[in-house]
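In the text below, chain A, chain B and the rest are named by the order of the sequence lines, each starting its count at 1. Predicted model only: the values in this text are computed from it and were never measured.
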Amino acid sequence: MNRDYFVRFTYTVMYSLVGVFVLLGLRLYYMQILKGSEYREAADSNRVRVVMLSAPRGIIYDRNGTPLVMNRPYFYASILPGSKGIDVKALASLLEIDEVKLQQRLKKEEKASFNTTVLKEGLNFQDVQRIEARRSDFPGLIIETSLTRNYVYNEVGSHIIGYLGKPTKVQLQDEYSEDITPDTFVGQWGVEELYDKNLRGIPGKQIVEVDALGRQLKVLEYIKPEMGSNITLSIDIELQSVAEELFKGKTGALVALSPNTGEVLALVSLPSFDPNDFVMGIDSDKWALLQDKSKPLINRALQSAYPPGSIFKPLVAIAGLQEGVLTPDLDLFCNGELEYGRWSFGCWKRHGHVSFHKALVESCDLYFYESGKRLGIDRIERYAKDFGLGQRTNLGIIAGSQEREGVIPSTSWKQKQLGKPWFLGETFVSAIGQGYVSVTPMQAAVMASMIANNGVKHPIVILKQKDGEAQVEKSLNIKKEHFLVVKNALYGVVNEAGGTGSAARSPLVSVAGKTGTAQVVRGRIKTELLKEEFRDHAWFIAFAPYDNPSIALSIIVEHGGHGGSAAAPIAKKVIETYIMKNSQPPS
Amino acid sequence: MRLPQINRKYLKLFDWYTLLLLVVISLTGVLTIYSATRPILSSHQPSYYIKQLLWIVIGIVCVFAVVLYDYLWLKNFAYVLYIFGIVMLVLVLMVGRSGLGAQRWFDVGIFSFQPSELFRVILIVAIGKYLSSVKGQLTKWPLGFSAIIFGLLPFILIIKQPHLGTGLILLMTYFFMALSKKIERRIIITLVVLAVMVAPLLIKPMWNSLKDYQKKRIVAFIDPSRDPRGIGYQIEQSKITIGAGMIFGRGYLKGTQGPLKFLPEKHTDFIFSVFAEEWGFAGSIFIFALYLLLFMRGIDTAMKAKDDFARHVAIGITFMLFLYFLINIGMVIGVMPVVGVPIPLMSYGGTSIVTNYIAVGILINIRMRRLVLL
C-alpha cells in the first residue's frame with residue numbers, strides 16, 4: 001500500500017519535473033530567441049564604447065606668421081552611458097563640484113545613450129591623479145582628454161580672435177555640425193567663430209572594447225581626426241599690442257586699416273576680456289563679464305556708433321569741392337557765432353578770416369555751417385554713404401550680432417524715422433558731425449582710408465590678402481585734386497602751427513589726420529569741470545605716410561575730452577610702430 | 001576495516017549512464033569556468049578550471065568509494081552521522097572562518113570546506129532512515145518530531161551562518177521526503193489552513209529578521225531598477241548575458257559579459273549565464289536535457305529501489321539536486337530572487353562538487369543494489 005502511494009507520488013513528481021523544464025525552456029526561448037537581439041545589443045553596448053577624437057583646430061596666425069593661439073591638451077572627468085548607482089555625494093566631493101549641479105548632469109547622462117557625459121572640465125594634473133586613484137569606487141567614471149585653446153596673447157586682440165565655447169542650439173542644428181557633440185568646443189566669437197568651419201577639422205572616432213571598470217581593452221576601429229585648416233589674419237599682433245598698451249585704462253576703440261588692400265591691421269575695443277577664461281568652462285567668470293557695466297564683451301569698433309564730430313569735416317570738404325560749391329580759395333569770416341533765425345550756432349573759437357585750408361586745420365565750425373548750407377543734407381548723405389558711412393562693413397567677427405549701421409540723416413530719412421520735415425539748422429549741425437550723425441570707429445577708419453587712397457573702396461577683410469589680390473569694391477568718381485587739397489589740409493592739422501592734431505606730429509613719418517569731439521551733453525562747458533561720464537568722446541582719424549599712405553586709422557576714446565589731446569598721441573605711436581616695422585631698409 | 005569483496009554481478013549493474021551524465025555536465029562546467037575566467041588584459045589564465053578538474057577527479061573517486069559498500073552501511077550509521085553533522089554545524093558557528101559575511105567554512109589544513117554542504121547528504125540519509133522506520137503513513141507525532149529534528153534544527157543552524165538558500169532547500173527537501181512517505185490527509189489540510197492564516201502575520205517579523213543584503217535581494221528582485229549597481233545589476237546583467245547568446249551563441253571563448261566583468265560571480269553562481277551566452281538557446285536546451293535526464297534517472301532509481309530507506313534517500317537526493325538547479329536557473333534567468341545558490345555540478349566550488357558526486361554516488365549505489373541477489 002505504501003509502495004503504491006510512493007509510485008503515484010513519483011509519477012506526479014516526474015510530470016511536474018517535465019513541466020518545470022518546459023517552462024524553463026520557454027523562458028529561455030523568450031530571452032534568447034524572441035528578445036535575443038535586444039539583449040545582444042545591450043551586451044555590446046556594455047562593452048563597446050565610441051570615443052570621439054576631437055580634431056585639432058587650425059592655428060590662427062598674424063600677418064607675419066606669429067601664432068596667436070595654440071592647441072593644448074585638456075582633461076575632463078566624464079561618465080559612461082548607463083552608469084548607475086553612483087554615490088553622488090562622494091563623487092561631488094571628489095570632483096569638488098556642487099552636489100545639486102552634479103545631480104543635474106547625471107540626470108542628463110541618463111538620456112545620453114551613446115556618448116559620455118562631461119561632469120567636470122578643466123582638470124589639472126593633480127586633479128587627474130586624485131580622481132584616477134579613486135576611480136574604482138565610481139564605476140563608469142573616466143578621465144578623457146581633448147584639445148582646447150591657449151590664447152597666447154591673452155586679452156590682446158581678443159575681440160578679433162574671439163573664443164571657443166560649447167555649441168549653441170543653433171550651432172548644433174547646423175548641418176555641418178552633425179559630428180560634433182554638445183561638449184565639443186566650437187568658435188563663439190571673433191574669427192574663431194567666423195572661420196569655425198575652416199578651423200574645426202573633422203573629428204575622428206575610436207571604437208573600443210572596455211571592461212566593467214571602463215578600462216580600454218582593445219581598439220576595434222580607428223578613424224583619424226583631421227586637423228582644421230590654419231588661417232592667417234591681416235592683423236599685426238605687435239601693432240595690436242602697442243595699441244592696446246596705449247589704450248590701457250581707457251574705454252574706446254581703434255581700427256587701423258591698410259588703405260591699399262582693405263585689410264584690418266589692428267582692431268582694438270576696450271575694455272576687453274581674456275579668452276582663456278572661456279575655454280575652461282568657467283561659467284561664473286563669463287557671467288561676471290556679461291554683467292560688467294563697462295560691457296567688455298561688446299566690440300566697440302563695430303557695435304558702437306558715436307557722433308563723428310569734426311572728423312566728418314574732411315568728407316564735407318571733399319563733397320563741397322567736387323560739387324563746386326566750395327573752392328580752395330573761398331574765404332569766410334568767423335566771428336564765433338552764426339545767427340540763424342531765432343537760433344545761434346557757435347564756433348569753438350573766433351577764427352576771424354578763415355580760408356578753406358585753415359577751416360580744416362583749425363576745425364572752424366562756422367566754415368562748415370556754410371559748406372553744409374551750400375551742399376544741402378541730401379548731397380552730404382550721398383557722399384557720406386560713398387565713403388562707407390551709414391552702412392555695415394560685414395566684417396563678421398561679432399558672431400551674428402548686428403554690426404551698427406550708424407546714422408547718416410537726410411530729408412527722407414527724417415521723414416521716415418521721425419515723420420517731420422528737415423530744417424536747415426539741422427544741416428548746420430550735421431555738417432560738423434553732430435546731431436543725428438553717428439558712425440562706428442570702423443566706418444571712421446574706412447572713411448580715413450578712402451581719403452588716404454583717393455576714393456578707392458576695398459572690402460574690409462580680416463584675413464591677410466596675397467599680394468595683388470586686394471579687391472576693389474568701387475572707385476569714387478571724385479577728382480584727385482580735391483583729395484590732394486583736403487589731404488594737404490589734414491597734413492596741416494598735424495604739422496602746422498595752430499593745427500588741432502599737433503600731438504600726432506612725428507619726426508619719423510609724415511602724418512595727416514583730423515581731430516574730432518563727439519558731444520555727450522550739449523553746450524560748451526570746460527572739459528576738466530565735467531564728470532568723466534559726461535565728458536565728450538575724443539576722435540582722431542589719421543593716415544601715413546602723407547604722400548603714399550600705407551596705414552589709415554580711427555581712434556575713439558570714450559569720455560576722453562578733446563580728440564587732439566586724448567586720441568592723437570595714440571595715433572602717433574601706432575603709426576610710428578607700423579611705419580618703423582614696415583619701412584624698407586635704405587638700399 | 002577490510003575492503004569488501006564486491007560481487008561481480010554488482011559490477012555489471014553499475015550505473016554507467018548516471019556517471020556519464022555526471023561527468024559530461026561537470027566537464028561542460030570546467031570548459032565554461034575556463035572561458036568565464038579567461039583573462040583579457042594579462043595572459044595569465046587563473047587556475048580555477050584546473051582546481052575544478054581536480055575536484056571532479058576526487059568526486060569520481062568518491063563515487064567509487066561510496067559504491068563499494070552496500071548502502072545498508074549508510075543506513076546503520078545514519079543517526080551517528082547525523083549527530084556528527086549537527087555538531088559540525090554548531091562548531092562552524094563558533095569557530096568557523098567567515099567569508100563573504102558568512103560563517104560557513106572550516107579550515108582543514110590545505111583546504112577549507114563548508115560543513116553545510118556535506119550535511120546535505122547526511123541529512124537526507126538520516127531522514128530516509130527515520131521514514132523507513134515508520135510504519136504506514138506519517139501521523140501527528142512522528143511528523144512533528146521529525147519536523148523539529150530533521151527540519152527546523154538544521155534550518156536554524158544553517159540560516160544562522162547565515163545561508164538562507166541552503167537552509168530553505170534543506171527544509172523543503174525534508175517536507176518533500178515526508179510527503180513521499182505520505183502524511184495523514186487531515187494534517188496536510190490543517191497545515192495548509194494554518195499557513196494561509198499565519199503567513200500574513202509572519203511577514204513583518206520575518207522581513208525584520210532578514211539581514212540587509214537579504215532584504216536588498218528581495219527588493220531588487222521585485223524591482224531591479226531600484227538598485228541597479230547592486231543585486232538588481234546582477235540580475236540585469238545575467239539576463240543580458242543569457243539573452244545575448246541568441247540561437248546558437250557567440251561561440252566558445254567568444255562570450256564577453258563574463259571575462260569583461262560585467263557579470264559578477266561569473267564562474268560560480270552565474271556560470272550558466274556564461275554558458276548560455278557562448279552556446280545560445282541550442283546549447284542551453286542541450287544542457288537542460290542532460291539535467292533532466294539525470295533527474296529522471298534519479299526518480300527511476302527511487303522507483304526501482306528495493307527498500308523504503310533506499311527509495312526515500314533516492315528521491316530526496318534527486319529532489320535536492322533539482323531544487324539547487326531550479327533555484328539557480330530561476331535566479332539567473334530573472335524569475336526568482338538572488339539567493340546565492342550554485343548550479344550543481346557546473347558551478348565552481350570544491351565542497352559542492354564533491355558533495356554532489358557523493359550524493360549521486362549514493363544514487364548509483366542504490367540502483368546497483370536494486371535487485372535482491374541470490
Side-chain angles (χ1 to χ4, degrees), chain A residues 1-49 82-87 110 137-140 209-218, chain B residues 40-41 135-137 176 179-182 225 227-230 232-233 236-237 239-247 249-250 255-257 259-264 276-277 280-282 284-285 288-289 291-292 295-296 299-300 302-303 308 311-312 315 318-319 322 325-326 329-330 333-335:
Chain A
M1 189 219 153
N2 245 349
R3 179 77 202 263
D4 290 346
Y5 171 82
F6 188 79
V7 170
R8 265 186 290 129
F9 178 80
T10 40
Y11 271 113
T12 316
V13 170
M14 218 185 280
Y15 294 134
S16 322
L17 190 68
V18 174
V20 168
F21 268 85
V22 169
L23 288 179
L24 292 178
L26 284 176
R27 170 75 183 175
L28 282 184
Y29 176 79
Y30 169 79
M31 288 170 72
Q32 296 188 294
I33 294 176
L34 295 186
K35 291 267 180 177
S37 42
E38 254 173 66
Y39 282 123
R40 173 73 61 99
E41 223 166 83
D44 288 343
S45 72
N46 262 347
R47 73 184 177 95
V48 173
R49 191 152 66 82
S83 309
K84 284 165 190 158
I86 279 179
D87 183 348
E110 280 168 19
D137 297 347
F138 303 98
E209 188 176 67
V210 295
D211 67 7
L213 292 174
R215 290 181 303 185
Q216 186 171 320
L217 304 177
K218 63 180 174 214
Chain B
I40 297 296
L41 286 177
K135 301 272 174 260
Q137 57 186 8
F176 181 82
L179 264 179
S180 77
K181 176 68 189 178
K182 191 171 188 187
S225 62
D227 175 28
R229 271 282 159 187
Y233 171 82
E236 201 51 44
Q237 288 302 329
K239 282 158 74 178
I240 289 173
T241 312
I242 294 172
M246 300 176 75
I247 301 182
R250 288 189 193 266
T256 56
Q257 287 279 97
L260 301 188
K261 300 195 173 71
F262 291 104
L263 184 67
E277 188 188 15
F281 181 69
S284 308
I285 290 299
F288 272 19
Y291 275 105
L292 182 60
F295 300 147
M296 293 301 247
I299 293 171
D300 187 59
M303 281 164 77
D308 261 8
R311 249 196 295 281
H312 292 302
I315 199 86
T318 309
F319 182 72
F322 169 69
F325 172 83
L326 179 66
I329 294 294
I333 63 179
V335 298

Checklist entry - Does Arg47(A) reach the main-chain N or O of Thr256(B) with its side chain, forming a donor-acceptor pair under 3.5 Å? => result no
Item to check | Working for ring-ring contact (aromatic ring centres under 6.0 Å, His included), residues Phe9(A) and Phe176(B) | outcome: CA-CA 10 Å; Phe9(A) 178 80; Phe176(B) 181 82; 5.2 Å; yes
Checklist entry - For Thr12(A), is it the side chain, the backbone, both or neither that has a heavy atom under 4.5 Å from a heavy atom of chain B? => result neither
Checklist entry - Between Asp300(B), Ile333(B), Leu326(B), Leu263(B), which has the largest tally of heavy atom pairs under 4.5 Å with chain A? => result Ile333(B)
Item to check | Rounded distance (nearest 0.5 Å) linking atom OG of Ser180(B) with atom CZ of Arg8(A) | outcome: 13.0 Å
Checklist entry - Phe325(B) vs Phe21(A) aromatic rings, parallel, tilted or perpendicular, using cut-offs 30° and 60°? => result parallel
Checklist outcome for this item: Applying a strict 4.5 Å limit to non-hydrogen atoms, the region of Glu41(A) in contact with chain B is neither
Checklist entry - So do the side chains of Thr241(B) and Tyr39(A) get within less than 4.5 Å of each other, counting heavy atoms only? => result no
Next on the checklist: Do the side chains of Asp4(A) and Lys182(B) get close enough for a salt bridge, i.e. N-O under 4.0 angstrom?
Outcome noted: no
Checklist outcome for this item: Of all heavy-atom pairs linking Arg27(A) and Lys239(B), the shortest is NH2-CE, 3.8 Å
Checklist entry - Going through the distances and angles, do Met303(B) and Met14(A) end up as a side chain to side chain contact (heavy atoms under 4.5 Å, CB included)? => result CA-CA 11 Å; Met303(B) 281 164 77; Met14(A) 218 185 280; 3.7 Å; yes
Checklist entry - When only pairs under 4.5 Å are counted, which of Gly243(B), Gly249(B), Ala276(B) shares the most heavy-atom pairs with chain A? => result Gly243(B)
Checklist entry - When rounded to the nearest 0.5 angstrom, what distance separates NZ in Lys35(A) from CE in Met246(B)? => result 13.0 Å
Item to check | Part of Ala289(B) within contact of chain A (heavy atom distance under 4.5 Å) | outcome: neither
Item to check | Partner chain A: residue of His312(B), Met296(B), Arg250(B) with the largest heavy-atom pair count (under 4.5 Å) | outcome: Arg250(B)
Next on the checklist: Taking side chain as everything from C-beta outward and backbone as N, CA, C, O, which of these in Leu292(B) sits under 4.5 Å from a heavy atom of chain A? Side chain, backbone, both or neither.
Outcome noted: both
Next on the checklist: Between Ile240(B) and chain A, with a heavy-atom cut-off of 4.5 Å, which part of the residue counts as in contact: side chain, backbone, both or neither?
Outcome noted: both
Item to check | Side-chain heavy-atom pair Phe322(B), Val20(A) within 4.5 angstrom cut-off | outcome: yes
Checklist entry - Considering only heavy atoms, which portion of Phe288(B) lies under 4.5 Å from any heavy atom of chain A: side chain, backbone, both, or neither? => result both
Item to check | Rounded distance (nearest 0.5 Å) linking atom CG of Leu34(A) with atom CZ of Phe281(B) | outcome: 9.5 Å
Checklist entry - Is any side-chain heavy atom of Glu209(A) less than 4.5 Å from a side-chain heavy atom of Leu260(B)? => result yes
Item to check | Test log, rule side chain to side chain contact (heavy atoms under 4.5 Å, CB included), inputs Ile285(B) and Tyr29(A) | outcome: CA-CA 9 Å; Ile285(B) 290 299; Tyr29(A) 176 79; over 6 Å; no
Item to check | Test item: Gln32(A) side-chain N/O and Ile242(B) main-chain N/O as donor-acceptor pair under 3.5 Å | outcome: yes
Item to check | Straight-line distance of Leu23(A) CG to Ile329(B) CD1, nearest 0.5 Å | outcome: 13.5 Å
Checklist entry - Between Leu179(B) and chain A, which part of the residue has a heavy atom less than 4.5 Å away: side chain, backbone, both or neither? => result both
